[in-house]
Protein chains: 2
Amino acid sequence: MKHVTIKDVAKKLNVSISTVSRAFNDKYDINEETKKLILKTAKELGYRPNPIARKLSQQRSFNIGIVVPEFSTNFFPEVMLGAQQILHEKGYQVLIMQSNYSWEIERKNVETLVDNMVDGLIVSLTSEIDNNEYYTSLLKSDIPIVFFNRAVDEIKASKVLFDDYKWALFATEHLIVQGYNDIVHLTGTINLTLTKNRQRGFEDAHKKHKRPVGKIISCGFKMEDGERIAQKMIDNNTIPRAIFAANDSCAIGAMTVFKKHGYQIPNDIAIVGFTESSLAKHTAPSLTSVEQPTHDIGQTAAKLLLDQINNKGIFVPQTIILNGRLNIRESSVIIK
Amino acid sequence: MKHVTIKDVAKKLNVSISTVSRAFNDKYDINEETKKLILKTAKELGYRPNPIARKLSQQRSFNIGIVVPEFSTNFFPEVMLGAQQILHEKGYQVLIMQSNYSWEIERKNVETLVDNMVDGLIVSLTSEIDNNEYYTSLLKSDIPIVFFNRAVDEIKASKVLFDDYKWALFATEHLIVQGYNDIVHLTGTINLTLTKNRQRGFEDAHKKHKRPVGKIISCGFKMEDGERIAQKMIDNNTIPRAIFAANDSCAIGAMTVFKKHGYQIPNDIAIVGFTESSLAKHTAPSLTSVEQPTHDIGQTAAKLLLDQINNKGIFVPQTIILNGRLNIRESSVIIK
DNA sequence: TTGTAAGCGTTATCAT
DNA sequence: ATGATAACGCTTACAA
């Protein structure tokens, strides 16, 4: 037995398909009695409106697409959870796709979602180059998009961002205040605005405290990146007094290698991470890190998107910058 | 300007829409020249076939839906990555939905995906009760489904599972061989087959070695669960010599609490986890854990699903059980 | 090899 | 308040 359609319901009740359709779409005048009857029979027959047909006809889907680079840290999953919560409330379903840090896959994902007529997109870019044109043209064709976490200035769309500069500055300042000098910054993936902002924060913290700016090493966001850099430092005997890493994974990778080689954290090397991961509390020593309001980011992005969907004509892109928190833990504080 | 359609392309070239359609569907006879011309013009016009219309017409989508409980550990993301790889190769797009451990959301997710005419589903159940009937009727209506990780015997579908019993037995055995007695098992969420199997493995390991079976405490899969139980043990002064936890999160939660109270791991309490998480290597001490072949699970599930899609009539459900590995680390081995 | 036209399951505009 | 009917964009017999 195949899908039950509107026709089957209509036939069963000897009414027209329009009447059945109306029973399922509150916006039309319809006799309360017949409506009730129709809904009842529809249920009995196991009829559910086919959203594909509906999409084709109305050109909208009540689906929202979320595209993220990956799920390997809990940052993105938490953001998605926040977004999902708001969207479910409003009757939207959420379709998630991961680009696995490939711009090609990201593009394919977005295309799939658009082709499937999602009503809007929430996107965290995999890279910030090459895609400007694509997203701009997408926005031109009136597809609501909200970017978060990673975004490009040139793309005129709503964005939910984190004040990476400020919190990188705070985090670095924390290390300076603890009395460490010779602080090294391990940057994230280059070409990302957030990488640049965190780096700038690192630099300005030094300037603010009238210190020479510490060394900056291009590292990356993965654990292996941190491990690699730490190993190199050990090999070259260029171990700094403290490290401010661009994210927790990198920080933890480095910490693990240092510990393996007998260095004490923080007594020999202090470490601070970024983007609070669930690991931070549980490493030994526990890791000082900047916490991002993941849930809030997701909720805000969802709200902005719904705004945009509901006010297509008269909508002005806005950028919301959310606040974070520095969680100070053992990895950066020497107990005397 | 709205979407470019097949009509626009047809008009531009003064051919019929069927010809354009054929140019995009290799299976028909069509003049090579016209085909090339059509594809070229289509590209110039920015035409992409509308998958919604295609779905409605062919009743299939080349989309696969994956439904998982959550993304908070890296187990599910890794499985999805494996599945995605196979599916992308075969030209399928992957739509992911998370049920956040709610059977209601899970059901909605599955319905959304089905309504959107995915060609098949890969599902890890949120719960193993109440859903039997639903999935069975879904399978009856000929929708290919492969379950993984969490499945119900009663549902006759293909499954990709892990030999939880065997590896729980090995893990427990490892603790026994290390010389610990008074081993406690913290179980996962009740009502899951995998929970029962791990528990059975724990028990049988004791029997095999002619030991009295250790205490079994119902715990849960979250870090907080482990923390809660550990705290309770401390409060009640019922601290065992070793713990075999149903997963890493729980194990790490417990470990953290014990450490905070000054207990040495493994010298005071040895701990073994399950389902290798990325954290296991990086906790201090590093955590002994059973590693599941996540990537392989995803790939296998995808392959089974494709099989099923391509052989709808003559298909026999099969269950594949994959092998794991016990990674022995510091948390369970006392160095003398 | 190509065109014509019916059909996929809805919604929405007209009539009635 | 309800019914016919033309869209929506595509595939696919059947004709030509």
Side-chain angles (χ1 to χ4, degrees), chain A residues 1-39 41-42 45-63 111-112 114-119 141-142, chain B residues 1-39 41-42 45-63 111-112 114-119 141-142:
Chain A
M1 203 181 76
K2 272 289 125 190
H3 271 178
V4 185
T5 76
I6 205 171
K7 269 187 203 161
D8 302 317
V9 181
K11 199 173 291 171
K12 177 93 176 186
L13 288 171
N14 269 317
V15 296
S16 73
I17 57 166
S18 351
T19 309
V20 178
S21 173
R22 281 192 267 263
F24 279 90
N25 295 279
D26 284 330
K27 43 189 169 178
Y28 294 97
D29 283 343
I30 182 172
N31 188 307
E32 263 306 314
E33 291 300 304
T34 42
K35 177 170 171 179
K36 262 183 201 154
L37 185 62
I38 288 173
L39 291 180
T41 340
L45 293 175
Y47 167 74
R48 283 212 317 281
N50 178 336
I52 301 277
R54 180 177 264 166
K55 277 187 225 187
L56 190 60
S57 166
Q58 341 184 99
Q59 310 278 35
R60 104 202 252 15
S61 66
F62 275 96
N63 286 170
E111 280 174 355
T112 300
V114 170
D115 289 348
N116 280 283
M117 295 187 177
V118 291
D119 295 345
S141 43
D142 239 22
Chain B
M1 207 179 75
K2 273 286 127 190
H3 271 180
V4 185
T5 77
I6 206 171
K7 267 189 203 158
D8 301 319
V9 182
K11 198 173 291 171
K12 176 93 175 186
L13 288 170
N14 269 317
V15 295
S16 73
I17 58 165
S18 17
T19 309
V20 178
S21 172
R22 282 191 265 263
F24 278 89
N25 295 280
D26 283 331
K27 44 188 167 178
Y28 292 98
D29 283 343
I30 182 173
N31 187 306
E32 264 305 313
E33 291 299 302
T34 41
K35 178 172 173 179
K36 263 184 202 154
L37 185 61
I38 288 172
L39 292 180
T41 340
L45 293 176
Y47 167 74
R48 284 211 318 280
N50 179 335
I52 300 276
R54 179 179 266 165
K55 278 188 225 189
L56 190 60
S57 152
Q58 323 192 113
Q59 309 276 38
R60 108 204 252 7
S61 68
F62 275 96
N63 285 171
E111 279 174 355
T112 300
V114 169
D115 289 348
N116 280 283
M117 295 187 176
V118 291
D119 294 344
S141 42
D142 238 24

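In what follows, chains carry the letters A, B, and so on, assigned in the order in which the sequence lines appear, proteins first and then strands, with residues in each chain numbered from 1.
- Around atom NZ of A:Lys35, more than 12 heavy atoms belonging to other residues, nucleotides or ligands sit under 6.0 Å away.
- Applying the 4.0 Å criterion to OP1 and OP2 of C:dG9, one finds that B:Lys55 has every side-chain N and O outside that range.
- Inter-residue side-chain proximity for B:Asn25 and B:Arg54 is flagged as met; some heavy-atom pair is nearer than 4.5 Å.
- The side chain of A:Ser16 sits closest to D:dG3 out of D:dG9, D:dG3, C:dT11.
- Between the side chains of B:Ser16 and B:Thr19, at least one donor-acceptor pair of N or O atoms lies under 3.5 Å.
- Whole-Å rounding puts the A:Asp8 CG to C:dT10 P distance at 9 Å.
- Between B:Asn14 and A:Ala53, the residue whose closest nucleotide on DNA chain C is further toward the 5' end is B:Asn14.
- Looking at B:Lys55 and A:Asn116, their side chains do bring a donor and an acceptor atom within 3.5 Å of each other.
- For B:Ser57 and D:dG9, the shortest distance from a side-chain N or O to OP1 or OP2 is not below 4.0 Å.
- Remark: P of C:dG3 and CG of B:Leu13 are 10 Å apart, rounded to the nearest angstrom.
- Straight-line distance from the CD1 atom of A:Ile17 to the C1' atom of D:dA4: 9 Å, rounded to whole Å.
- Note on B:Asn25: every side-chain N or O is 4.0 Å or more away from OP1 and OP2 of D:dT12.
- With hydrogens and angles left out, the side chain of A:Arg22 and the base of D:dG3 share a donor-acceptor pair within 3.5 Å.
- Residues A:Ser61 and A:Val118 come closest through the heavy atom pair OG-CA, 3.4 Å.
- One can place CZ of A:Arg54 at 17 Å from C1' of D:dA7, the figure rounded to the nearest angstrom.
- Taking the side chain of A:Lys7 as heavy atoms from C-beta on, and the options D:dC8, D:dC10, C:dC8, the nearest nucleotide is C:dC8.
- Using a 4.0 Å cut-off, some side-chain N or O of A:Thr34 falls inside it from OP1 or OP2 of D:dT2.
- Note on A:Arg60: nothing from the nucleic acid sits closer than 4.0 angstrom, heavy atoms only.
- Atom-to-atom, NZ of A:Lys35 to P of D:dT2 comes out at 12 Å; the value is rounded to the nearest Å.
- Here A:Ser18 lies in heavy-atom contact (under 4.0 Å) with a base.
- Among the heavy atoms of the strands, none lies under 4.0 Å from A:Pro51.
- Checking the phosphate oxygens (OP1, OP2) of C:dG9, a side-chain nitrogen or oxygen of B:Gln59 falls inside 4.0 Å.
- When heavy atoms are screened at a 4.0 angstrom cut-off, A:Thr19 is found touching the sugar-phosphate backbone but no base atom.
- At a threshold of 4.0 angstrom between heavy atoms, the contacts of B:Tyr47 are confined to the sugar-phosphate backbone, with no base atom among them.
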